[in-house]
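Let me begin by presenting the structure, written as structure tokens, before commenting on it.
Note that the structure is a prediction, hence the values are computed from the model and not measured. Counting starts at 1 for both ligands and their atoms, in listed order.
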Amino acid sequence: MRLVRLLPPPVLQSAPRMASPQPSPQPRLTLFDLPLDVITLPATLDRLGEWMFRAPRAPHTVVTLNPEFIVQSRTHPEFVQAIQEADLVTADGVGIVWAARQLHGREVPRAPGYDIVKGLMERHGADLRVFFLGAKPGVAEQAAQNAVRDYGIQVAGVHHGYFDLPEDRRVAELVGSSQAHLVLTGMGAGRQETFNQYWRQVLGAPVIIGCGGVIDVFAGTADLAPAWTRKLGVEFIWRVGLDRRRWNRAPRLAQFVRLVQAEKRRAGGR
Ligand code: UDP
């Protein structure tokens, strides 16, 4: 996985230091060294609306945590750091809800990435300037056109997600000059979170969210999981089961279950 440079090259040493996140007003749990905010979808939309339209303009990063992030981050310290430094970390699906129940005995509501992005577009419509960053060339343009048609949002800019690390600064500056309220970064798990966190001051937008395949869904190049799976929070069954390209991810989900069970045993034995 290509995330972010391990050692910052000299030019990046002058990159603005990331501000430490403000304390969250909602309770925060810890899952495998990663934070998880106990926050509902409507409260998430309120909070992001506050950052975009009412608070003094300052960058905030949002992570929608899923089991693959937990498995992947265990071997990628920079991914862990990006999640730890995020301003808001929501539960993307039922896997995280289950883990929180197992390890903390807490019910954590879900606030999935797609629902957050759609909810913001529905709430703020023409007031919202969105930058679509990610997916294959042409897809972000299509997603932006569809979002204008369906929600009347303003498009701050578009850029595909297939660029190499030396181009990060150029792309971050392009986004930073767009005056977006909302930056959707869909460049794959890990890469999108580390990019967002490392460049947050340059990106500058009040809400910068890593959103996986959401740009493809808006573009119509990937289907949204059926409503029943989303309602139950088990989209991964549909995604992994029916999409041949995702079959290699099933072992990671099994690994996640084993990790949670081992952690539960360990905590029980203390
Ligand atoms: N993607 C990208 N750049 C990359 C890798 C992936 O823009 O270098 C995009 C990909 O086209 C898709 C999104 O990131 O739109 C999510 O990709 P994928 O489902 O492979 O990643 P996941 O987040 O599920 O690991």
N/O separation below 3.5 Å, [X] to ligand 1:
X    : answer
G188 : yes
Q192 : no
A189 : yes
G213 : no
E68  : no

Any idea which atoms of ligand 1 are less than 4.0 Å away from a heavy-atom of A135?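 Those atoms are 7 (O), 9 (C), 11 (O), 15 (O).
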Under 4.0 Å from a heavy atom of D216: which atoms of ligand 1 are those, numbered in the order shown and with their elements?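 Counting atoms of ligand 1 from 1, those under 4.0 Å from D216 are 12 (C), 15 (O).
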Return each pair, listed once, that meets ring-ring contact (aromatic ring centres under 6.0 Å, His included) where at least one residue sits in residues 26-51; pairs must be two or more places apart or across chains.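 Those involving residues 26-51 are W51-H60.
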Approximate separation, where rounding is to 0.5 Å, of K136 NZ and H160 NE2: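 So the gap between those two atoms works out to 13.0 Å.
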Is the closest heavy atom of R191 to ligand 1 under 4.0 Å?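 No, R191 has no heavy atom closer than 4.0 Å to ligand 1.
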If you measure from each heavy atom of I215 to ligand 1, is any distance below 4.0 Å?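 Outside the 4.0 Å threshold, so no.
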Contact between V130 and F218 at the side-chain level, heavy atoms closer than 4.5 Å - yes or no?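 No, side chains not in contact.
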Could you tell me if the side chain of R252 sits less than 4.5 Å from the side chain of P67, heavy atoms only?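 No, every pair of side-chain atoms sits at 4.5 Å or beyond.
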Does a donor on one side chain and an acceptor on the other come within less than 3.5 Å for N196 and T61?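 No, no side-chain donor-acceptor pair sits under 3.5 Å.
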Cation-aromatic face contact R47/F53, 6.0 Å, 45 degrees: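 Verdict for F53: no cation-pi partner in R47.
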What side-chain donor-acceptor pairs closer than 3.5 Å can you find for residues 151-159, not counting sequence neighbours?
residue: Q154; atom: OE1; partner: R129; partner atom: NH1; Å: 3.3
residue: Q154; atom: NE2; partner: A126; partner atom: O; Å: 2.8
residue: H159; atom: NE2; partner: R170; partner atom: NH2; Å: 3.4

